[in-house]
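Note sheet for the following structure.
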Amino acid sequence: MAAYAAVTSLLQTLDNLSQTHTSHSLLYKKEQTEVLCEKYTFLKTFLEDFTNIFHEDVKMKHLERMIQEAANGVEDTIDSHEYDSHVLVQSNQVRSEADAIFHQNLEYAIEEIDQKDVIIGLDEDLLKIKDRLIVQSSKLEVVPIIGMGGIGKTTLARRVYDDSLIAYHFCVRAWANVSQEFDTREIFLGILRSIGKIKDEVERDSTTEQLAEMVYRSLKGRKYLIVLDDMWSIEAWQNVRRSFPDDHNGSRIVLTTRLVDVASCACSGNSLHQMRFLSMEESWTLLRDKVFGNGSYPPELEKIGRYIGHQCQGLPLAVVAIDGLLSKMSKETSSWENVAEKVRSLMTSDTMDFLNILSLSYNHLPQYLKTCFLYMGVFAETREIPVWKLIKLWISEGFVKKVKYKNLEDVAEENLSELVDRSLVLVGKHTSLGKIKTCTFVHFPISFTDLLENISCLRRVADFHRYTDSELSKLMPHTRSVFFKYPYFFCFLSQSSFRLLRILDVCFDPFSNCSQSISELIHLRYLACPSFDGLVQSICKLRNLQNLVIHDSHPFGFCMRPQFLPWEVVNMPQLRHIHTKEFSLFIPPPTSLIAERENHLQTLTGLMPSSCNEEVFLRIPNLKKLGILILDDSDTIQKCYCLDNLVHLTQLEKLKVEFRESEMLFFRWMIKDWMDLSWLHIPHCDNFPPNLKKLTLCRTHLQWEDMNILRKLPNLEVLKLKHHAFHGLIWKLSDEDEDGFLKLKFLLLQNMNLMQWEATSYHFPSLEHLVLTDCYLLEQIPFDFAEIQTLQLIELHECLRSVLVSAEQIQAEQQSLGNDDLIIHANYIRE
């Protein structure tokens, strides 16, 4: 895997080198580049074709190590020379000598090269756990689920947690991952994130004791269900148990663990739920259904398939891991017999090591997936991984191979889906458009970060604070990635510390001068930091930068003024994405010289309304995602026309408009309810981008009449209305309206002062997912929604009981029409 990653990264560097035509480009020899590309392309193909077959062969491992070291050496040579050429001040003679040495080193290098889980066998367990959660005592009880690794504890707990009856029975549900190296703070944060009671500034600034108090207050007086998954120690339980109040209302805590003493300590004498192993028949059924689905299967594979299932010795997760392997192999008896022999040798009666089973599935991954899979170890085990960030890091590292007629983001998403199909990665949340939003990796009994760093020879430093200064000094010259555990630590980069760095995801000390150090990191492709102050000129020099992420307005939560974003940054040749949070960006009018430059920007968030003009939009024609942030510190309303020029962004698919009003303006609105006229102008529907699929409006205080324009957007699939996006107690879509939201699939209403909602199924003919959150005044959902045949899910949070009743009436009506697919999830229902 490490050899393949090194070769792939080198080939990308060579490709970038050959395409560089600026006056500052390296004086490389074209024939050297072509020869290196040819030789390493051959080695890449060799690694793809043969390492999976001979991965256990000692000679093959030695050869892989040699290839890895050679590729890393060539790439270090190229990047170091490029760094010296662009950063160091050199005389013509010194530079000429350095070029000669560089080309000689390349000649030496040329010479040197001559895994939807199917649930089987858990129905009985599910009924028992549900009975203990619902039927028994009113006092707070802990329900422990115990069993060895891979037996299905988490799967059972997740199935119980997602059960519609359980979701209805408990007002509050929360899930927290604990893990072997537990972090009490992270457990509390996991609970608060799960119930939606945490903000960024609170997460960043609160102590563990304050978070514990927040958990207690959030649960006090409510019937709750908490799942604490993968608990390894009594200490972990003792650190969190006082935050779970007992109001004798039937609240429950489900705890999964491998250790009987942990379960016994937590449940205080109640019976433990011991997971059982799968029977031979259940193992075969699980394997068969996962590999072949509902279709038929070759009868000659049944005997060997049953043998494979039996060799997994009743461990569901082991069967699923093997399923992920078999589903990608040829359906020939010889192939399955080969797998059966390997499984037999790994799963013996005296050592059932699930890691070996995962290793078998991992070893049969294509090389490009091995790299992507192990790289996930840079993320904390207990937290869900944001897919948008994972994909951008894969691309920045050079792990995603180019595919003709596809962009790298699409290829990366396909890689992730394949890992999910192979049961090595678990899906967390989905986006409103149905894509994977967050994910987690299967629990390993070893440190994922250690595995990543050992294989990569410490070219990626996942946790800066694990190393001493002396250790870091040895790592710095060749380190390519640095990750901090944002937002808990700060760092200071010494000058020229990481000269070859590609990924930098850290918190800078705002009082340290990092600007000079940042400007020298010319190989950076991904930069994430909490502050924009003082870095603009340095960022302009990072000509390989692809992603710029600004975590927060200020490390200490202070309000930050709008930031100036010059065209030198916007027009950087490789820059594709600019993500900001909590502050706005001002882009000045472009000059005639700027107008002639090509722009590749695809994502831009936090743009000020004053920059939403024709001149700016015409210079960023490839934009697909735009966020507009209005920071108003006045106490008067001023009409905003920031949407009138969107028609020039013909590729735009996602748009978010957010208004941050001043405290005085908000206070006057709350007391006098005087905001009868919207400050945001909604232009004619023809002024919106033709490909707009997702629209989010937050604190825009529009009139419901403006919805008559938005409903005519031809390709709108997702509409999110948050925090008084519309103003008025009645939203009425009359029967006389000619058009509805013809393609709308997802609708969110959050914190809206809406009391009556009048609409028919004709207005939302394609709706699949309806979410109502913090709509305290809304009386009911239009009953005519029962005729929306596409409706699959209704989510209710902090709504009146009458809204839940109307949702249940819609569900009952749909069931009477033969549609049993509609699901209702309810939380924090108000009486």
Side-chain angles (χ1 to χ4, degrees), residues 116-117 119 158-175 193-196 225 227 384 387 420 426-439 693-696 716-722 731 740-752 754 757 759-775 778 780-830:
K116 176 184 175 182
D117 290 345
I119 309 299
R158 175 59 70 177
R159 192 177 180 193
V160 170
Y161 183 83
D162 291 334
D163 185 87
S164 58
L165 177 61
I166 295 298
Y168 176 81
H169 185 75
F170 292 96
C171 296
V172 181
R173 292 175 302 139
W175 184 290
R193 294 189 197 105
S194 189
I195 61 179
L225 170 65
V227 177
E384 292 187 349
V387 169
V420 171
L426 307 177
V427 176
K429 299 183 181 69
H430 286 88
T431 69
S432 50
L433 288 173
K435 294 185 177 182
I436 303 175
K437 183 176 183 178
T438 63
C439 62
K693 295 181 179 179
K694 180 178 179 179
L695 175 62
T696 302
L716 191 66
E717 297 181 7
V718 176
L719 179 60
K720 295 184 177 183
L721 307 178
K722 300 182 177 182
W731 178 17
F741 295 89
L742 296 182
K743 292 188 177 182
L744 194 70
K745 298 179 180 179
F746 181 97
L747 175 62
L748 166 69
L749 302 179
Q750 178 180 350
N751 197 8
M752 304 285 289
L754 177 64
W757 184 10
T760 69
S761 59
Y762 297 105
H763 298 125
F764 302 94
S766 304
L767 189 65
E768 298 176 359
H769 191 172
L770 173 64
V771 183
L772 302 176
T773 300
D774 299 325
C775 294
L778 185 63
Q780 63 182 9
I781 303 171
F783 179 74
D784 202 54
F785 278 25
E787 297 184 12
I788 302 177
Q789 298 180 358
T790 56
L791 192 58
Q792 300 174 11
L793 178 62
I794 297 177
E795 292 187 56
L796 306 176
H797 184 82
E798 292 275 15
C799 294
L800 296 176
R801 174 69 60 180
S802 60
V803 177
L804 176 58
V805 172
S806 67
E808 292 172 339
Q809 292 173 343
I810 292 172
Q811 184 184 46
E813 179 67 16
Q814 288 220 351
Q815 290 174 347
S816 69
L817 298 174
N819 178 19
D820 296 327
D821 296 332
L822 178 59
I823 298 173
I824 299 174
H825 288 167
N827 208 359
Y828 281 113
I829 297 301
R830 297 186 167 217

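Values below: all heavy atoms of this structure, side chains included; hydrogens, waters and symmetry mates excluded. Position 1 is the first residue of the sequence, and the numbers go up from there.
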Neighbour count above 12 (heavy atom, 6.0 Å) for K437 NZ: no
Short side-chain to backbone donor-acceptor contact, D774 and E798, under 3.5 Å: no
Nearest non-hydrogen partners of A174 and S194, listed with the distance: CA-OG, 3.3 Å
Candidate pair I823 and I794, rule side chain to side chain contact (heavy atoms under 4.5 Å, CB included), full reasoning: CA-CA 6 Å; I823 298 173; I794 297 177; over 6 Å; no
Steps toward side chain to side chain contact (heavy atoms under 4.5 Å, CB included) verdict (L747, V771): CA-CA 6 Å; L747 175 62; V771 183; over 6 Å; no
Greater than 12 external heavy atoms within 6.0 Å of Q789's CD: no
Electrostatic pair E717-K694, nearest N-O below 4.0 angstrom: no
Aromatic W175 / basic R158 pairing, under 6.0 angstrom, 45° off normal: yes
Taking every non-hydrogen atom, the tightest pair across V803 and S806: O-OG, 2.6 Å
Closest non-hydrogen atom pair, F783 against Q809: CE1-O, 3.9 Å
T790, L719, L744 screened by side-chain contact (heavy atoms from CB on, under 4.5 Å) with F764, the one that passes: L744
Derivation of the side chain to side chain contact (heavy atoms under 4.5 Å, CB included) call for M752 and L721: CA-CA 8 Å; M752 304 285 289; L721 307 178; 4.2 Å; yes
Main-chain N/O of R801 paired to R830 side chain as donor or acceptor, under 3.5 Å: no
Member of I810, L796, I781, L793 meeting the side-chain contact (heavy atoms from CB on, under 4.5 Å) criterion with L770: I781
Aromatic plane relationship, W757 with W731 - under 30° parallel, 30 to 60° tilted, over 60° perpendicular: parallel
Shortest non-hydrogen contact from E813 toward A786: CG-CB, 3.5 Å
Summary of side-chain hydrogen bond (donor to acceptor under 3.5 Å, both in side chains) pairs that have at least one residue in residues 764-773, sequence neighbours excluded: H769-E795
Working for side chain to side chain contact (heavy atoms under 4.5 Å, CB included), residues I824 and L804: CA-CA 9 Å; I824 299 174; L804 176 58; 4.0 Å; yes
Which residues share a salt bridge (Lys or Arg N to Asp or Glu O under 4.0 Å) with K743, sequence neighbours left out: none
Main-chain N/O of P765 paired to S761 side chain as donor or acceptor, under 3.5 Å: no
Main-chain N/O of I788 paired to Q814 side chain as donor or acceptor, under 3.5 Å: yes
